[in-house]
Amino acid sequence: MRALIQRVSRASVTIGGVVRGQIGQGFLVLLGITDGDTAQDAVYLADKTVKLRVFTDENDKMNRSLSDVGGGLLIVSQFTLYGDCKKGNRPSFTAAARPDAARPLYQTFIARCRESGLPVETGEFGADMQIDLINDGPVTLWMDTAQMR
């Protein structure tokens, strides 16, 4: 399971011209799921995400978490995080989990983030979405459960 996490001043997701989720300060989380990912991966990655300390403190050090700054999460499914560009010019997405396997893990990740008590907004799994964001810093982090254990 992969997460591309962007620290944002604000972010929103629009589907069919309608804003479906929006946050102020916090994280935009693009979440990709591959074959073999489990609920344990979703819980582990969600816990790491909500506890990340990448907001600056009074000494200008990245030492504060979402809860410290009153931030929220905007979580968007993104199978293209498993795009393979090694051969040719058209990415292969065969490593991305099929929707019937990925959707429950996406929902587990969201549920675990909500258990933290932080505000959580989402996109819609499998929908064509437009994301608007202001990356703060910029701070962008990549987490992959295959590389973290």
Side-chain angles (χ1 to χ4, degrees), residues 1-15 19-86 91-97 99 101-149:
M1 188 170 292
R2 293 179 174 163
L4 182 71
I5 300 164
Q6 297 180 324
R7 186 179 78 181
V8 298
S9 299
R10 66 169 176 78
S12 64
V13 59
T14 301
I15 303 169
V19 174
R20 293 288 301 269
Q22 61 185 351
I23 60 168
Q25 182 180 38
F27 293 154
L28 169 62
V29 179
L30 304 176
L31 188 68
I33 299 163
T34 190
D35 291 327
D37 282 341
T38 66
Q40 183 180 3
D41 290 312
V43 168
Y44 175 81
L45 195 56
D47 288 349
K48 289 288 284 187
T49 300
V50 300
K51 293 176 185 174
L52 279 175
R53 297 185 316 168
V54 296
F55 295 93
T56 54
D57 65 14
E58 62 280 354
N59 298 313
D60 205 30
K61 301 286 183 195
M62 283 195 219
N63 201 29
R64 290 191 172 144
S65 67
L66 283 169
S67 62
D68 294 330
V69 299
L73 295 126
L74 176 58
I75 303 167
V76 176
S77 62
Q78 185 150 7
F79 75 93
T80 61
L81 290 178
Y82 279 97
D84 182 350
C85 299
K86 290 177 191 167
S92 168
F93 299 106
T94 58
R103 184 177 282 111
L105 295 175
Y106 172 69
Q107 293 168 340
T108 298
F109 182 90
I110 292 166
R112 184 64 174 205
C113 288
R114 285 188 171 136
E115 287 175 17
S116 72
L118 295 168
V120 175
E121 296 284 327
T122 68
E124 180 183 323
F125 187 92
D128 182 22
M129 299 174 271
Q130 291 72 50
I131 308 296
D132 182 45
L133 70 126
I134 300 204
N135 190 319
D136 179 22
V139 173
T140 302
L141 300 167
W142 175 268
M143 292 196 295
D144 188 323
T145 56
Q147 300 170 351
M148 298 177 75
R149 293 185 183 218

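FYI, side chains are in, hydrogens and waters are out, and symmetry mates aren't considered; it's all heavy atoms of this structure. Keep in mind that what you see is a predicted model, and the values were worked out from it rather than measured.
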Is there side-chain contact between [X] and [Y], with at least one heavy-atom pair below 4.5 Å?
{"X": "V13", "Y": "V19", "answer": "no"}
{"X": "P91", "Y": "T80", "answer": "no"}
{"X": "E58", "Y": "R64", "answer": "yes"}
{"X": "V29", "Y": "L4", "answer": "no"}
{"X": "V54", "Y": "N63", "answer": "no"}

Which residue pairs pass the salt bridge (Lys or Arg N to Asp or Glu O under 4.0 Å) test with at least one member in residues 112-123, sequence neighbours excluded?
->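 Sorted pair list: D47-R112, R112-E115.
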Partners meeting salt bridge (Lys or Arg N to Asp or Glu O under 4.0 Å) with [X] (sequence neighbours left out):
{"X": "D84", "value": "none"}
{"X": "R2", "value": "D144"}
{"X": "D68", "value": "none"}

How close do [X] and [Y] get, counting heavy atoms only, and between which atoms?
{"X": "D41", "Y": "G36", "answer": "OD2-O, 4.1 Å"}
{"X": "F109", "Y": "L45", "answer": "CE1-C, 3.7 Å"}
{"X": "T49", "Y": "F27", "answer": "O-CE1, 3.4 Å"}
{"X": "G126", "Y": "S77", "answer": "N-OG, 3.8 Å"}
{"X": "P119", "Y": "G71", "answer": "CD-O, 3.4 Å"}
{"X": "V8", "Y": "A11", "answer": "CG2-CB, 4.0 Å"}

[X]: partners by side-chain hydrogen bond (donor to acceptor under 3.5 Å, both in side chains), with sequence neighbours left out:
{"X": "T56", "value": "none"}
{"X": "T14", "value": "none"}
{"X": "R103", "value": "none"}
{"X": "Q107", "value": "none"}

Listed once per pair and sorted, the side chain to side chain donor-acceptor pair (under 3.5 Å) pairs that draw on residues 20-31, sequence neighbours left out |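 Passing the test, one end in residues 20-31: R20-E124.
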Can you tell me which residue pairs pass the side chain to side chain donor-acceptor pair (under 3.5 Å) test with a partner in residues 127-143, sequence neighbours excluded?
->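 Output for this query lists R7-D136, R10-D132, N135-T140.
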So how far is it from [X] [atom1] to [Y] [atom2], rounded to the nearest 0.5 Å?
{"X": "M62", "Y": "F55", "atom1": "CE", "atom2": "CZ", "answer": "10.0 Å"}
{"X": "L133", "Y": "L74", "atom1": "CG", "atom2": "CG", "answer": "9.0 Å"}
{"X": "L31", "Y": "L81", "atom1": "CG", "atom2": "CG", "answer": "8.0 Å"}

With sequence neighbours excluded, what pairs up with K51 under the side-chain contact (heavy atoms from CB on, under 4.5 Å) test?
->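 In terms of side-chain contact (heavy atoms from CB on, under 4.5 Å), with neighbours along the sequence ignored, K51 is linked to no residue.
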Step-by-step side-chain contact (heavy atoms from CB on, under 4.5 Å) determination, L28 to I131 | CA-CA 9 Å; L28 169 62; I131 308 296; 3.7 Å; yes
Aromatic plane relationship, F93 with F79 - under 30° parallel, 30 to 60° tilted, over 60° perpendicular |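 F79 vs F93 ring planes: perpendicular.
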Side chains of Q40 and T38, donor plus acceptor under 3.5 Å |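 No, no side-chain donor-acceptor pair sits under 3.5 Å.
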Derivation and outcome, side-chain contact (heavy atoms from CB on, under 4.5 Å), residues L118 and C113 | CA-CA 7 Å; L118 295 168; C113 288; over 6 Å; no
Only counting residues at least two apart or in another chain, list the ones meeting ring pair (Phe, Tyr, Trp, His ring centres under 6.0 Å) with Y82.
->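 Counting only residues at least two positions away or on another chain, Y82 forms no ring pair (Phe, Tyr, Trp, His ring centres under 6.0 Å).
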Ignoring hydrogens and geometry, is there a side-chain-to-backbone donor-acceptor pair from T145 to M1 under 3.5 Å?
->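 Side chain of T145 to backbone of M1: a pair is present.
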Any donor-acceptor N/O pair, S65 side chain to L52 backbone, under 3.5 Å =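 Not a single qualifying donor-acceptor pair exists.
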